[in-house]
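The chains referred to below are lettered A, B, ... by the order of the sequence lines, with proteins before strands, and numbering in each begins at 1.
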There are 2 protein chains.
Amino acid sequence: MHPDRRLTRNQDAVLAVLQEQRSPLSAQALYRLMRDRQPMGLATVYRALDVLKLNGLVQHRVSLEGESLYSSIHQDLHYLTCLHCGQSFVLDHCPVERLEDQIQTSGSFKVYYHTLEFFGLCEPCAHPAAPTPSTVHVDDESTADGEV
Amino acid sequence: MHPDRRLTRNQDAVLAVLQEQRSPLSAQALYRLMRDRQPMGLATVYRALDVLKLNGLVQHRVSLEGESLYSSIHQDLHYLTCLHCGQSFVLDHCPVERLEDQIQTSGSFKVYYHTLEFFGLCEPCAHPAAPTPSTVHVDDESTADGEV
DNA sequence: AGTAGAATGAGAATGGTTATCATTCTAGAA
DNA sequence: TTCTAGAATGATAACCATTCTCATTCTACT
Ligand SMILES: [Mn+2]
Ligand SMILES: [Mn+2]
Ligand SMILES: [Zn+2]
Ligand SMILES: [Zn+2]
């Protein structure tokens, strides 16, 4: 396909559906959503996402589980993710918006989007409760009341 | 495995090799490197990386191609990546080091590491050369000298 | 030494993504 | 309008990094 050709009906539909979403979607989830709008093959969904990405209309990140997630280029979400339980917390604002313009201006590189994510342990996972009774060898009942 | 147990010989070896690297490695590349140091099964490499990650000793990101890349927790590299040719340019410094401490302090979340990457088109890919002669229908030679 | 739990290795299974290829569209040319 | 080359599409096979399974080996502790 030519890099700068008008979008096809399918590509348009994929873009439209993505722009209605509040959070990133996987290609497969998108494929299922398209059934009610503009049914198309799974391969076509992947190809449409590629085209849209190359045209700066869609952004693409890969979760730690290896799943590709897509969203409108206008979305700007960032997460704090726990490595233990997988739970994610959304940051209340993007800390690098400025920087993007800066890179844009100073260099010979056209920036479309960025990824930013913090990883670590959430409160509960960082301070696990005392071992559950079933895993404790109770040799002396005077030490078995769960203090930490 | 217990979350806070001393590292095994294999886990130690994986960590040591990772700390010698200048750039992130895939699990498979690491597996091949281990042959000359401390041969172990591929599954063990994956498991070791998991343990090290959960202990805040190793960081983990996933490339756009879906390949997991690992590096020492002390590495702090960020890239500007071209969506068309795949070429990556290393940023000369990390723009969010401060922010990480900030999140650390203000919240109830223990931050181990972060990812940050910019995507777009590099100079050559953003301004492709005139179409190659073989793809051009030359109907009028007066317009065929490649100006943009 | 005896034992329970953890670690390990080999290989099978998984599953998201990509490649293949025959068919259908589509935008221009004639 | 009709023709035609190139692009897009869909069904499905292939790919391949990662995870799962399970029998075996270690390791720390009694
Ligand atoms: Mn942002
Ligand atoms: Mn950094
Ligand atoms: Zn957690
Ligand atoms: Zn490029």
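Atom CD of Q38(A) is separated from atom P of dC25(C) by 13 Å (rounded to the nearest Å). When the P atom of dT18(D) is taken as reference, atom CG of L42(B) falls 8 Å away, rounded to whole Å. Here the C1' atom of nucleotide dT17(C) and the CG atom of L64(B) are 13 Å apart, to the nearest Å. D50(A) places its CG atom 7 Å from the P atom of dT18(C), with the value rounded to the nearest Å. One atom, CG of D12(A), and another, P of dC25(C), lie 18 Å apart when rounded to the nearest Å. The distance between atom CD of Q28(A) and atom C1' of dT14(C), rounded to the nearest whole Å, is 13 Å. For the pair H60(A) NE2 and dG16(C) C1', the interatomic distance rounds to 11 Å; values are reported in whole Å. The CZ atom of R6(B) sits 12 Å away from the P atom of dA7(C) (whole-angstrom rounding).
The R47(A) side chain lies nearest to dT9(D) when the options are dG11(C), dT17(C), dT9(D). Here the nucleotide nearest the side chain of T44(A), chosen from dA28(D), dA17(D), dT9(D), is dT9(D). Residue M40(A) has its side chain nearest to dG10(D) when only dT18(D), dT17(C), dG10(D) are considered.
Checked against the 6.0 Å centroid threshold, F119(A) and Y113(B) count as a close aromatic pair.
In terms of modelled atom types and a separation under 3.5 Å, the side chain of Q104(B) and the main chain of V111(B) share a donor-acceptor contact.
Listed by chain and residue number, H78(A), H114(A) satisfy the side chain to side chain donor-acceptor pair (under 3.5 Å) test with D76(A) (two or more places apart in sequence, or in another chain).
Summary of the strand contacts: Y31(B) and E65(B) both lie near DNA chain C, and taking for each the nucleotide with the nearest heavy atom, the more 5' one is attributed to Y31(B). Ranked by how close their nearest DNA chain C nucleotide is to the 5' end, A48(B) and Y70(A) are led by A48(B).
Not one side-chain nitrogen or oxygen of T8(B) sits closer than 4.0 Å to the OP1 or OP2 atom of dA6(C). Within the 4.0 Å cut-off from OP1 or OP2 of dT18(D), at least one side-chain nitrogen or oxygen of Y46(B) is found. For dA8(D), the OP1/OP2 oxygens have no side-chain nitrogen or oxygen of N10(A) closer than 4.0 Å. Distances shown here put a side-chain N or O of R9(B) below 4.0 Å from the OP1 or OP2 atom of dT27(D).
When heavy atoms are screened at a 4.0 angstrom cut-off, S68(B) is found touching the sugar-phosphate backbone but no base atom.
Salt bridge status for E123(B) with K110(A): absent, with no side-chain N to carboxylate O gap under 4.0 Å.
Between S72(A) and Q59(A), the side chains place no donor N or O within less than 3.5 Å of an acceptor N or O (distance only, hydrogens not considered).
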